[in-house]
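Structure record follows, encoded as structure tokens.
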Amino acid sequence: MRKVRVRFAPSPTGPLHIGGVRTALYNYLFAKKYNGDFILRIEDTDQTRYVEGAEDYIMQSLKWCGISVDEGINEGGKYGPYKQSERKDIYKKYIQILLDNGSAYYAFDTPEELDAMRKRLEEEKSSVRQYNRFTRGQMKNSFTLSEKEVSDKINAGEPYVIRFNIPENENITVKDIIRGEVNVNSSQLDDKVLFKSDGLPTYHLANIVDDYLMGITHVIRGEEWLPSLPLHVLLYKSFGWENNMPEFAHLPLLLKPDGKGKLSKRDGDRLGFPVFPLEWKDPETGEIASGYRENGYLPEAFINMLALLGWTPEDDNEILSVEQMIKEFDISKVHKAGARFSPEKAKWFNKQYIIKMPNDKLAALLLPEVEKKFPGTDILYIEKVAGMVKERMNFLSDFCDQASFFFETPESYNPKVVKKRWKEDTPETLSNIFNLLKDVPLHKFTSEYLENSVKAYIEKNELNFGKVLNPLRLVLTGTGGGPHLFDIMEAVGKEETLLRIEKGINEIKKT
RNA sequence: GGUCCGUUCGUCUAGUGGUUAGGACGCCGGGUUUUCAUCCCGGUAACAGGGGUUCGACUCCCCUACGGACUGCCA
């Protein structure tokens, strides 16, 4: 069996959206499962749609996701170049083969003439609206022009395209790993442009030539390519490569969380979640589209969430490392129908990964944000706090909000909590606690010791736990939630603890 | 309009002729906790509709409906 080689082939027309990332991921998982190669090929045959920075964005995104490329522009490889605009000569050579064996022909119709043809066909309510053997007789091409006319036009430098000559009435059976067999008659296909007037191939030609030349064994791509699969199969046959044809798998689409249709760039802003892995700034408009990374997602969580949109492992465990995914991934088990993206579940995945992450690693990720808000904070302190608040976080970006009281004295007190927890006799109770804590020697100011002392005090005076501890929490944190109260005291220290109690007593007045 | 693909709880899905139709997210309820969160327990909720085939259909076939993709000198 040939070594598995798959490719992810985006075109650099803008940021990669999560559907594209999932396609890359499935390719990657498949390749690694069979110890194969994952190739990144840039499909930039449409110069008019080239967007500055998109290529780099794609590579950065894959890197962030942990999808490593085996062969590509940066990585090199024996099958380069990996950028289609640098392969022009190759396509010229191969289109000539098709021209020579009658599988392709010249056409000289202008865009206006093509528009007119389609419009006419539509008005006639014809079921045929394509450039094919039924309509090409009325157009300007090798079939309607003499050989001399054709060569004269070409020599005169007239623009032309090269179209595929779809064979007549041929039943084509294509096989898709996910969908099974699909049957189409060639009469339904149109004579697609293979080679454009700008001297570059279209996707159809380029992808067949490159996949063949690069030894691609499996083509895993989006469902939008399924309708052109028969054309691609015909192309392989015309080149005489049918025995080296890759296998195909067409992935279901990612749909909008609400309503209908496939997920689009705009949905993110509209519904408040990112559709891009990394933040993207449009070079033309300056418009910024948010990214998962910037929104506080962990790449491992992001990838895990994406992988399960359309595929499920055998057992019920949904939290999977990349290694586990590689081990369990089965392309034939990919769901056929489109998957609606769920921001809620994405959040849940992220939380799971944050909780699972070792505190030192988490602290390292949190450091830049903490530095910004609370400059000079020690990383070991962040590590300690992270351990205490992580199960209250959904995103990395939640940390500073959730843990602010570990870094600064509360400036205000949540009114709702004040109303609920602050009673008539609270100031007096807290004063007593203040005095109790004041006498605790510095070296004994630990969570465990404090808890024992305060609890002993409460019991001795026959007080109610909630009536003491809830307001104590309020003065220490400014709010009603958070980690173990005595852990907070130990973390902020004796001086700060006393200060906060004093401040609270002075500032909180029940309204 | 034409071609192709699809349709199981609100969402992601398991299921390949005989199941109390399973799990996860969400939601609701209970427990643990000084609080919030975590955690644990429980609950809610689905085979698009109609015809076949079969002793028996979520599973196979046909039709309809609905959804989607494609229909570019874009990928």
Worksheet item: With distance as the sole criterion, is a donor-acceptor pair present between the side chains of Y457(A) and N432(A) under 3.5 Å?
Response: yes
Item to complete: Flag the pair K467(A) and D425(A) as a salt bridge only when some basic side-chain nitrogen lies within less than 4.0 angstrom of an acidic carboxylate oxygen.
Response: yes
Fill in: U16(B) and A21(B), which share atom name C1', separated by this distance in whole Å
14 Å
Practice prompt. Would you please name every residue forming a salt bridge (charged side-chain N to carboxylate O under 4.0 Å, His left out) with D198(A), sequence neighbours left out?
Written response: K196(A)
Fill in: Interatomic distance, I319(A) CD1 vs A24(B) P [rounded to whole Å]
12 Å
Discussion item. Between the side chains of K88(A) and E86(A), is the shortest nitrogen-to-carboxylate-oxygen separation below 4.0 Å, so that they form an ion pair?
Written reply: no
Discussion item. Any base atoms under 4.0 Å from E318(A), or only sugar-phosphate, or nothing? Heavy atoms, all strands.
Written reply: base
Discussion item. For a quick check of understanding: with a heavy-atom distance under 4.0 Å over all strands, which category does V193(A) fall into, base, sugar-phosphate or nothing?
Written reply: sugar-phosphate
Item to complete: Decide whether S321(A) and Q324(A) meet the rule of one side-chain donor and one side-chain acceptor closer than 3.5 Å.
Response: yes
Practice prompt. Using the C1' atoms only, state how far U53(B) lies from C5(B), rounded to an integer number of Å.
Written response: 25 Å
Worksheet item: How would you label the contact of D44(A) with the nucleic acid (heavy atoms, under 4.0 Å): base, sugar-phosphate, or nothing?
Response: nothing
Worksheet, complete the sentence: From the candidates G1(B), U34(B), U38(B), the one with an atom nearest any side-chain atom of R473(A) is U34(B)
Practice prompt. Looking only at side-chain atoms of L114(A), point me to the closest of U38(B), U34(B), C73(B).
Written response: C73(B)
Worksheet item: At under 4.0 Å between heavy atoms, what does P230(A) touch on the DNA or RNA strands: base, sugar-phosphate, or nothing?
Response: nothing
Discussion item. Using only modelled atom types and a 3.5 angstrom limit, is any donor from either the side chain of H484(A) or the base of U34(B) paired with an acceptor on the other?
Written reply: yes
Fill in: Separation of the C1' atoms in G29(B) and U20(B), to the nearest angstrom
23 Å
Worksheet entry | Value in whole Å for how far the P atom of U71(B) lies from CE of M117(A) | 14 Å
Worksheet item: Does R163(A) count as lying over the ring of Y105(A), i.e. NZ or CZ under 6.0 Å from the six-ring centre, within 45 degrees of the axis?
Response: no
Discussion item. Which nucleotide wins on minimum distance to the side chain of K351(A), given the candidates U34(B), U71(B), U38(B)?
Written reply: U38(B)
Practice prompt. Name the nucleic acid region contacted by G222(A), choosing base, sugar-phosphate or nothing; use a 4.0 angstrom heavy-atom cut-off, strictly under.
Written response: nothing
Worksheet item: Whom does C4(B) pair with, Watson-Crick or G-U wobble, provided both distances fall under 3.5 Å?
Response: G68(B)
Item to complete: Look at the side chain of R129(A) and decide which nucleotide, out of A75(B), A24(B), G1(B), has an atom nearest to it.
Response: G1(B)
Practice prompt. Send over the distance from Y91(A) OH to C73(B) P, rounded to a whole Å.
Written response: 19 Å
Discussion item. I'd like the P distance from A24(B) over to C41(B), given in whole Å.
Written reply: 10 Å
Fill in: Of residues 474-483 of chain A, the positions that come close to RNA chain B - non-hydrogen atoms, cut-off under 4.0 Å
G480(A), G481(A), G482(A), P483(A)
Item to complete: Applying salt bridge (charged side-chain N to carboxylate O under 4.0 Å, His left out), name anything that partners E284(A), two or more places apart in sequence or on another chain.
Response: none
Worksheet item: Does any donor atom in the side chain of N165(A) or D191(A) lie under 3.5 Å from an acceptor atom in the other side chain?
Response: no
Worksheet item: Who is the Watson-Crick or G-U wobble partner of U19(B), with both distances under 3.5 Å?
Response: none
Worksheet item: Quantified in whole Å, what is the P atom distance between nucleotide C58(B) and nucleotide G52(B)?
Response: 15 Å
Worksheet item: When you measure from the centre of the six-membered ring of F108(A), is the NZ or CZ of K153(A) under 6.0 Å away and within 45° of the axis?
Response: yes
Item to complete: Would you sort out whether R120(A) and E122(A) count as a salt bridge (Lys or Arg N to Asp or Glu O under 4.0 Å), showing the intermediate values?
Response: CA-CA 5 Å; R120(A) 197 192 75 227; E122(A) 199 179 331; over 6 Å; no
Item to complete: Look at the side chain of T312(A) and decide which nucleotide, out of U13(B), G26(B), C36(B), has an atom nearest to it.
Response: U13(B)
Worksheet item: Can a donor-acceptor pair be found between the side chains of E224(A) and H250(A) at a distance below 3.5 Å?
Response: no
Worksheet, complete the sentence: Separation of C25(B) atom C1' from F273(A) atom CZ, nearest Å, is 15 Å
Practice prompt. Starting at atom CZ of R221(A), determine the distance to atom P of A69(B), rounded to an integer number of angstrom.
Written response: 17 Å
Fill in: Pairwise C1' distance for G15(B) and A57(B), with rounding to whole Å
13 Å
Discussion item. Between C27(B) and C12(B), how many Å separate the two C1' atoms, rounded to a whole number?
Written reply: 16 Å
Discussion item. Looking at G72(B), I'd like to know if its phosphate oxygens (OP1 or OP2) sit under 4.0 Å from a side-chain N or O belonging to R118(A).
Written reply: yes
Worksheet entry | Complementary nucleotide of A24(B), counting Watson-Crick and G-U pairs under 3.5 Å | U11(B)
Discussion item. Assuming nearest nucleotide by heavy-atom distance, tell me which of H204(A) and L469(A) is located more 5' along RNA chain B.
Written reply: L469(A)
Worksheet entry | Base-contact (B) and sugar-phosphate-only (S) positions in nucleotides 2-11 of chain B, heavy-atom cut-off under 4.0 Å, - elsewhere | SSSSSS---S
Worksheet item: Are T45(A) and A75(B) close enough that a side-chain N or O sits under 4.0 Å from OP1 or OP2?
Response: yes
Practice prompt. Let me know the distance between CZ of F465(A) and P of U35(B), rounded to the nearest Å.
Written response: 12 Å
Do any side-chain atoms of residues 225-232 of chain A form donor-acceptor pairs under 3.5 angstrom with protein atoms, and if so which ones, sequence neighbours left out?
from    : atom 1 : to      : atom 2 : distance (Å)
S228(A) : OG     : W225(A) : O      : 3.1
H232(A) : ND1    : R221(A) : NH2    : 3.0
H232(A) : NE2    : H204(A) : ND1    : 2.9

Worksheet item: How far does the P atom of C4(B) sit from the matching atom of U64(B), given to the nearest Å?
Response: 13 Å
Practice prompt. Establish, with yes or no, whether the OP1 or OP2 oxygen of U35(B) is under 4.0 angstrom from a side-chain nitrogen or oxygen of R421(A).
Written response: no
Worksheet item: Between C74(B) and K196(A), is there an OP1 or OP2 to side-chain N/O distance shorter than 4.0 Å?
Response: yes
Practice prompt. Pick base, sugar-phosphate or nothing for W225(A), based on heavy-atom distances below 4.0 Å to the nucleic acid.
Written response: base
Worksheet entry | 5'-most by nearest nucleotide on RNA chain B - D316(A) or G310(A) | G310(A)
Fill in: d(CG, L251(A); P, U13(B)) in whole Å
12 Å
Discussion item. Suppose we screen for ring pair (Phe, Tyr, Trp, His ring centres under 6.0 Å). Which residues come up paired with Y106(A), at least two apart in sequence or across chains?
Written reply: Y160(A)
Item to complete: Report which part of the nucleic acid L253(A) touches: base, sugar-phosphate, or nothing (heavy-atom distance under 4.0 Å, all strands).
Response: sugar-phosphate
